[in-house]
Amino acid sequence: MNVFIFAGTTEGRSLAEIISKNKINCTVSAATEYGANLLPRGENIEILCGRMDCAQMAEKLEKKDYAFVIDATHPFADKASEEIKKACELTKTEYLRLARNTDCPSEVDALFDSLSEAAQWLEGKSGRIFVTTGSKELPLLAQKISDKNRIFARVLPTAESLEICMKAGIPQGQIIAMQGPFSEKMNEVQFEESGAEILLTKESGAAGGFYEKIDAAEKLGMKIVVIRNPEKHGDSENSSAHTVEEILEKIGIQNACSDLKGKASSAQKNRAISLVGIGMGNENLFTQKMRAILSEADIIFGAARILKSVENLKSGKCRLEERYEASKIADFLKNHPEFMRPVVVLSGDTGFFSGAPKFFEEEFFKDYEIQVESGISSPQYLASRLGKPWQKWKFLSLHGAKCNYIEEIRRNSACFFILSGADDLKMLGEKLELAVQNGILSSVKCYIGSNLSYDVEKIIQISLKEMQNFSGIKKSLHVLLVENENAVSEGGLPLLEDSDFTRTEEIPMTKKEIRQLTLCALGLSKSAVFYDIGSGTGSVSVEAARIAFEGQVYAVERKKDAFMLTKENVQKFCLENVTCIHAEASDFLDDEAVPSPTHAFIGGSGKNLSEIIRLLLKKNPSVRIAANFVSLEGFCEMQAILKNLEENHEICAPEIKQVSVNRVQRAGEFHLMKAQNPVWIVSFSGAQNG
């Protein structure tokens with residue numbers, strides 16, 4: 001079978017590619033050399049270049065036995081479509097018009113059926129006009145608009161387009177010759193630079209970048225004037241146009257692609273997207289496979305900085321689109337099914353604090369084959385430059401994330417940090433110096449890496465004072481390695497002495513032995529979410545935060561002086577995973593925004609013990625709870641509450657211990673036993689743990 005395609009649009013080029021891949025011979029015609037260069041190449045594709053009238057078209061059609069002629073010219077190319085249709089009638093070849101799906105937003109300021117009507121309306125308005133209707137329409141527009149200085153024209157970068165602009169009287173400084181379609185950001189920049197107050201465009205649909213133009217104009221508060229798609233006119237020659245799927249079905253290719261609205265089909269399920277990690281961004285470190293993927297892409301997504309790194313590797317037909325979030329890329333591809341080889345470029349290694357996993361979670365990409373190519377990560381590169389092994393490093397990110405960094409450094413012999421910028425470096429320098437002063441850390445070695453792999457790369461050992469006074473370029477890319485040769489690995493045990501805490505006589509503190517037994521009864525994990533109700537001095541909160549160093553601790557205290565003391569001790573131990581709350585326990589527990597606890601300790605409850613336990617079980621029916629009591633009345637109240645909870649099957653595995661601690665105290669030449677107050681330690685779990 002032979003098919004003839006007049007391919008003046010993105011959809012036409014995509015259609016030709018699909019047809020040729022299905023082993024059907026197709027002749028593809030473009031009016032200009034520029035358009036011909038954009039056409040796909042293949043063994044089943046013959047490319048023709050140049051404008052033809054009806055007779056010339058008929059002559060071409062008679063040379064082969066063409067089963068179909070597909071008119072994929074621009075929806076506004078009425079004259080071309082008329083000539084194609086006449087040629088088909090002369091040669092008795094079946095004519096199929098390819099429709100472009102266009103939906104014009106209802107909020108445009110004016111919608112016209114012709115450029116002439118739009119031009120008359122514009123003549124009566126004031127302000128500069130940014131025109132994206134194409135060069136052919138400019139002479140008519142220039143006739144209607146008396147002040148040519150109002151017109152900024154964006155046209156194709158061809159000699160023919162520029163000649164039309166000049167003849168129409170458009171000032172040279174107001175001609176923008178660029179190939180589209182354009183991203184929303186590019187449109188916004190051009191509209192703003194021109195100072196235009198009105199956008200004049202055609203209802204060209206997603207493939208023509210119509211919605212990106214509308215969105216950019218809306219952001220800038222411009223008036224939007226749209227010329228309606230002629231295919232929507234009831235008397236249009238093309239009013240009975242076909243979708244891509246309908247045309248392919250007529251040719252005999254079933255389920256080859258999605259329709260222009262992006263509805264899923266079996267072809268969509270066979271589509272692929274490549275996620276390419278480009279390391280630090282230096283082109284010299286790209287693998288050959290990465291280069292091949294980038295050179296074959298028809299669209300590349302990424303952040304602006306990263307797109308600059310791959311600009312030299314893309315093909316001339318490839319479009320760069322400044323998007324990097326999986327959901328936003330999915331939305332774009334739904335409206336642009338013509339892109340068959342999308343690539344997303346991501347910084348660093350795709351498996352190292354990367355956005356790559358989001359693409360596997362995004363519903364739209366469930367039907368895609370996702371190809372992942374990892375780049376050289378910054379820790380790999382820094383380790384090689386420092387001559388150090390990296391397999392035992394702890395990897396942490398401060399780039400838009402939080403972590404308990406001092407505790408991580410205390411526990412690990414080497415911690416590698418991704419930083420957002422120089423401010424993170426200064427903050428870490430201050431925190432590390434405080435940790436050394438307070439005895440949390442003995443000493444550390446720090447290495448800063450800036451602009452890795454580039455000509456301005458800088459890798460140096462840096463002191464804590466130098467970190468705080470760092471004068472590097474604020475927007476540079478930095479990583480930090482912190483080595484601690486005295487790192488501890490203490491598991492999940494509370495080890496602090498009572499004398500390690502700042503204390504006052506007025507505020508009671510849970511003593512060392514009781515802390516240890518209570519926290520052991522709770523069985524905290526390293527990622528626990530822990531509530532300390534009635535934190536007092538904050539000793540339990542601090543110990544819990546060091547055990548649950550990857551989790552979160554909420555220290556709740558209603559008394560202002562005790563709250564301030566808790567806060568002081570948390571800061572003393574340089575803990576980033578403790579949130580100090582000055583509030584009544586019941587008010588805090590009613591807050592739905594706070595994560596549900598995995599564990600909770602009740603050190604002080606006022607007269608609200610029953611309500612606190614009820615609220616804890618409500619937030620998490622499987623929570624593990626421990627409570628301490630020094631008074632007989634408090635313990636008796638707890639016994640009554642336990643009995644009621646057990647009878648209602650709300651808790652399981654209750655344990656009660658009474659602990660009496662005697663400490664040796666020296667008296668002259670003798671050592672005497674000094675008894676501490678006996679304490680009841682009560683622990684239990686919510687029933688869902690049973």
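Please read all numbers here as calculations on a predicted model, not as lab measurements.
At least one donor-acceptor pair closer than 3.5 Å links the side chain of Asp53 to the backbone N or O of Gln56. Proximity of a side-chain donor or acceptor of Ser161 to a complementary backbone N or O of Pro157 within less than 3.5 Å is not detected. For Gln174 (side chain) and Asn149 (main-chain N/O), a donor-acceptor pair under 3.5 Å exists by modelled atom type. Asn187 places no side-chain N or O within 3.5 Å of a backbone atom of Ala216 that could act as its donor or acceptor partner. In this structure, Gln380 contributes its side chain and Ser377 its backbone to a donor-acceptor pair below 3.5 Å. Looking only at distances, no side-chain donor or acceptor of Lys86 sits under 3.5 Å from a matching main-chain atom of Cys54. Between the Arg97 side chain and the Ser81 main chain, no donor and acceptor come within less than 3.5 Å of each other. When atom types are taken as modelled, the side chain of Arg41 and the backbone of Ile47 share no donor-acceptor pair closer than 3.5 angstrom.
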Would Ile84 and Val69 satisfy side-chain contact (heavy atoms from CB on, under 4.5 Å), going step by step from the backbone distance to the final call? CA-CA 8 Å; Ile84 296 168; Val69 167; 3.8 Å; yes

Before giving the answer on salt bridge (charged side-chain N to carboxylate O under 4.0 Å, His left out), spell out for Lys202 and Glu137 the whole-Å C-alpha distance, their side-chain angles and the decisive distance to 0.1 Å. CA-CA 11 Å; Lys202 291 178 177 178; Glu137 308 283 2; 3.3 Å; yes

Evaluation steps, salt bridge (charged side-chain N to carboxylate O under 4.0 Å, His left out), between Asp331 and Lys328: CA-CA 5 Å; Asp331 289 341; Lys328 292 184 178 178; over 6 Å; no

Any chance you could lay out the ring pair (Phe, Tyr, Trp, His ring centres under 6.0 Å) test for Phe68 and Tyr95, step after step, and finish with the verdict? CA-CA 6 Å; Phe68 299 96; Tyr95 171 89; over 10 Å; no

Step-by-step side-chain contact (heavy atoms from CB on, under 4.5 Å) determination, Met178 to Gln190: CA-CA 11 Å; Met178 294 180 71; Gln190 292 184 2; 3.1 Å; yes

Is there a salt bridge (charged side-chain N to carboxylate O under 4.0 Å, His left out) between Glu322 and Lys185? Walk through the geometry before answering. CA-CA 8 Å; Glu322 192 179 329; Lys185 187 168 184 179; 3.2 Å; yes

Can you list the steps and then say if Glu325 with Ile329 is a side-chain contact (heavy atoms from CB on, under 4.5 Å)? CA-CA 6 Å; Glu325 294 176 13; Ile329 291 172; over 6 Å; no

Might you work through the side-chain contact (heavy atoms from CB on, under 4.5 Å) test for Lys85 and Glu89, ending with a clear yes or no? CA-CA 6 Å; Lys85 196 167 185 182; Glu89 289 172 357; 4.2 Å; yes

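Here the straight-line distance linking atom CD1 of Ile198 with atom CG of Asp109 works out to 9.0 Å at 0.5 Å rounding. Note that the CG atom of Asp298 and the OG atom of Ser315 stand 8.0 Å from one another [nearest 0.5 Å]. Residue Leu307 holds its CG atom at 8.5 Å from CD1 of Ile278, rounded to the nearest 0.5 Å. Atom NZ in Lys125 sits 13.0 Å away from atom CD in Gln120 (nearest 0.5 Å). To the nearest 0.5 angstrom, Leu98 atom CG is 6.0 Å from Leu15 atom CG. The structure places CE of Met166 at 14.0 Å from OG of Ser135, a figure rounded to the nearest 0.5 Å.
Between Phe360 and Phe365, the ring center distance fails the sub-6.0 Å criterion. For an aromatic pair to be called close, the ring centres must be under 6.0 Å apart, and Phe301 with Phe332 satisfies this.
At a threshold of 4.5 Å between non-hydrogen side-chain atoms, the residues Val344 and Arg323 do not count as touching. Side-chain contact between Leu141 and Leu200: present, with at least one pair of heavy atoms (C-beta onward) separated by less than 4.5 Å. The shortest side-chain heavy-atom distance between Met1 and Ile251 falls under the 4.5 Å cut-off. Using a 4.5 Å heavy-atom threshold, the side chains of Val225 and Trp121 count as touching. You'll find the side chain of Ile18 stays beyond 4.5 Å of the side chain of Lys21, heavy atoms only. Ile24 has its side chain within reach of Ile253: a pair of non-hydrogen atoms, C-beta onward, lies under 4.5 Å apart. Annotation: side chain of Leu96 is in contact with side chain of Glu94 (closest heavy-atom distance under 4.5 Å). In this structure, Phe352 and Ile418 have side chains that are in contact, with non-hydrogen atoms separated by less than 4.5 Å.
Judged purely by distance below 3.5 Å, without hydrogens or angles, the side chains of Gln371 and Ser274 pair a donor atom with an acceptor atom. In summary, the side chains of Glu123 and Ser146 do present a donor paired with an acceptor at a separation below 3.5 Å, with no hydrogens or angles considered. Between the side chains of Thr91 and Thr93, a donor-acceptor pair is found at a separation under 3.5 Å. Side-chain N/O atoms of Glu457 and Tyr381 include a donor and acceptor closer than 3.5 Å. Between the side chains of Lys213 and Thr201, a donor-acceptor pair is found at a separation under 3.5 Å.
Residue Met280 comes nearest to Ser378 through the heavy atom pair SD-CA, 3.7 Å, listed as atom of the first residue, atom of the second, then distance. For the pair Asn44 and Ser20, the tightest heavy-atom approach, listed with the atom from each and the gap, is ND2-O, 2.9 Å. Between Ala272 and Tyr368, the closest heavy-atom pair is C-CD2, 3.7 Å. Scanning all heavy atoms of the two residues, the minimum distance from Gly12 to Ile5 falls at O-CG2, 4.4 Å. Closest approach of Leu48 and Lys60 over heavy atoms only: CD1-CD, 4.2 Å. The minimum heavy-atom distance between Ala87 and Met57, with the atom names listed, is CB-CB, 3.6 Å.
A salt bridge does not link Lys223 to Glu197: none of the charged nitrogens lies less than 4.0 Å from a carboxylate oxygen. A salt bridge links Lys64 with Glu46: at least one charged nitrogen is closer than 4.0 Å to a carboxylate oxygen.
Applying the side chain to side chain contact (heavy atoms under 4.5 Å, CB included) test to Ala196 and every residue at least two apart in sequence or in another chain returns Arg128, Phe130, Ser194, Met222. Listed by chain and residue number, nothing satisfies the ring pair (Phe, Tyr, Trp, His ring centres under 6.0 Å) test with Phe182 (two or more places apart in sequence, or in another chain).
Shown here is Glu246, whose CD atom has more than 12 heavy atoms of other residues, nucleotides or ligands within 6.0 Å. Within 6.0 Å of NZ in Lys308 there are 12 or fewer heavy atoms belonging to other residues, nucleotides or ligands.
When each of Asn25, Thr27, Asn2 is paired with Tyr66, the side-chain hydrogen bond (donor to acceptor under 3.5 Å, both in side chains) condition holds for Thr27 and for no other.
Listed by first then second residue, pairs satisfying salt bridge (charged side-chain N to carboxylate O under 4.0 Å, His left out) with a partner in residues 140-167 read Arg51-Glu160, Glu163-Lys167, not counting sequence neighbours.
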